[in-house]
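Input: a single structure, listed below in structure tokens.
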Amino acid sequence: MTIPALELNDGNSIPQLGYGVFKVPADETERAVSQALEIGYRHIDTAAIYGNEEGVGAAIASSGIARDELFITTKLWNDRHHDEEPRAAIAESLTKLGLEKVDLYLVHWPTPAKDDYVHAFAKLVELREAGLTRSIGVSNFLVPHLERVVDETGVVPAVNQIELHPAYQQRDVVAWSDEHGIRTEAWGPLGQGKYDLFGTPAVADAAAAHGVTPAQAVLRWHLQKGIIVFPKSVRAERLRENLDVFGFTLTDAEVAAIDALDPLDGSGRVGSHPDEVN
Ligand code: NAD
């Protein structure tokens with residue numbers, strides 16, 4: 001199974017599909033990540049706040065997979081934006097992960113009420129220069145937040161990781177990012193299972209037409225739009241299913257029908273609004 005790679009604006013590349021470990025309990029993470037690596041995943045998305053970086057590190061260490069075949073992302077938590085805290089925070093994450101550097105380090109939320117995300121991102125630029133992360137980016141940033149970091153630091157983040165699924169597409173953020181060379185990563189790519197996305201005709205019909213599951217149809221929709229995904233599951237059969245999305249192509253009409261799902265009745269964000277997380 002070859003997972004396509006996308007080039008980032010700093011010249012590095014990222015596997016377009018990975019495995020996210022939000023809400024995987026710390027004591028199950030080593031097993032879950034080992035299982036994912038065995039199945040063929042090479043890109044792991046974690047965060048300091050998930051409390052499971054040690055499990056990710058243990059799975060990496062016992063995998064025997066060469067470091068340069070893996071793509072590991074972790075994130076700076078909201079209470080560590082100030083002063084030199086980002087450097088201390090990445091040092092702690094690297095110790096837990098058992099790595100000398102990560103592939104991607106993100107400012108997890110902009111926390112705009114504290115007005116410290118520009119400083120935090122400027123510190124990430126230094127961490128990249130110090131060799132502690134190969135690429136840097138942001139998460140949950142809206143257009144005004146992106147504009148400020150680019151204007152005030154002169155550095156364009158490599159990625160912005162945002163809530164994105166057929167019922168919540170954040171088209172304004174994606175369009176701005178596309179114009180400025182920022183890759184979009186989707187968190188909650190399956191909508192976290194919070195409403196019946198899989199039962200909508202657009203998704204169900206596309207899945208039936210290609211003989212795949214609704215989850216595979218949704219993941220394929222993301223991939224064809226150039227979005228990076230890392231769906232979460234701890235079940236081996238779902239991990240295999242979520243990786244097996246490179247053998248079919250949705251038609252333009254199928255993509256357009258899924259595009260039209262935003263807004264679904266009663267849908268929208270499944271997570272918090274970035275202005276409200278501080
Ligand atoms: P997701 O959309 O990947 O949904 C995960 C849920 O979908 C699982 O609990 C599982 O029940 C279900 N699922 C998975 N595969 C399935 C399949 N094949 N068929 C049916 N159901 C299936 O949501 P997520 O885990 O929140 O997002 C993915 C990753 O994004 C996270 O693990 C994490 O790494 C990242 N994330 C980042 C942020 C952020 O603020 N940056 C927030 C949330 C998540």
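Computed from heavy atoms alone, side chains included, the values below leave out hydrogens, waters and symmetry copies. Read the numbers this way: they start at 1 and go in the same order the structure lists the ligands and their atoms.
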Among protein heavy atoms, which lies nearest [atom], and at what distance?
| atom | result |
| --- | --- |
| atom 43 (C) of ligand 1 | Trp187 CE3, 3.2 Å |
| atom 18 (N) of ligand 1 | Asn242 OD1, 2.8 Å |
| atom 40 (O) of ligand 1 | Asn140 ND2, 2.9 Å |
| atom 27 (O) of ligand 1 | Gly188 N, 3.0 Å |
| atom 26 (O) of ligand 1 | Gln192 NE2, 2.6 Å |

Exercise for the section: Report the member of Arg238, Lys232, Arg240 with the shortest heavy-atom distance to atom 14 (C) of ligand 1. Expected result: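 Minimum heavy-atom distance to atom 14 (C) of ligand 1 goes to Lys232.
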Practice task
Could you name the option among Ser233, Ala215, Gly271 that has the heavy atom nearest to atom 17 (C) of ligand 1?
Solution key: Ala215
Handout entry: Distance flag, aromatic centroids of His81 and Tyr117, threshold under 6.0 Å
Key = no
Practice task
Tell me, please: is Ser139 in heavy-atom contact with ligand 1, that is, under 4.0 Å?
Solution key: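 Yes, Ser139 has heavy atoms under 4.0 Å from ligand 1.
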Practice task
Give a yes/no verdict on whether any heavy atom in Tyr19 is under 4.0 Å from an atom of ligand 1.
Solution key: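 Tyr19: no contact with ligand 1 (<4.0 Å).
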Exercise for the section: Could you see which bit of Phe230 sits under 4.0 Å from ligand 1, with heavy atoms only: side chain, backbone, both or neither? Expected result: both
Handout entry: His108 and ligand 1 - part of the residue with a heavy-atom distance under 4.0 Å
Key = side chain
Exercise for the section: Indicate yes or no for a side-chain donor-acceptor contact from Arg220 to the backbone of Phe248 under 3.5 Å, with no hydrogens or angles considered. Expected result: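 Checked: pair present.
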Exercise for the section: With sequence neighbours excluded, give me every ring-ring contact (aromatic ring centres under 6.0 Å, His included) pair touching residues 118-138. Expected result: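 The answer is none; no pair qualifies.
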Name every donor-acceptor pair, under 3.5 Å, that has one atom in a side chain of residues 5-25 and the other anywhere in the protein, sequence neighbours excluded.
unit_1, atom_1, unit_2, atom_2, d
Asn9, ND2, Val156, O, 3.4
Asn9, ND2, Pro157, O, 3.0
Asn9, ND2, Gly181, O, 3.2
Asp10, OD1, Asn12, N, 2.9
Asp10, OD2, Asn12, ND2, 3.4
Asp10, OD2, Ser135, OG, 2.6
Asn12, OD1, Arg134, NH2, 3.3
Asn12, ND2, Arg134, O, 3.1
Asn12, ND2, Ser135, OG, 2.9
Gln16, NE2, Leu223, O, 3.1
Gln16, NE2, Ile227, O, 2.9
Tyr19, OH, Ser233, O, 2.8

Exercise for the section: Could you go through the salt bridge (Lys or Arg N to Asp or Glu O under 4.0 Å) check for Asp115 and Arg148 one step at a time? Expected result: CA-CA 11 Å; Asp115 194 20; Arg148 271 196 68 198; 2.8 Å; yes
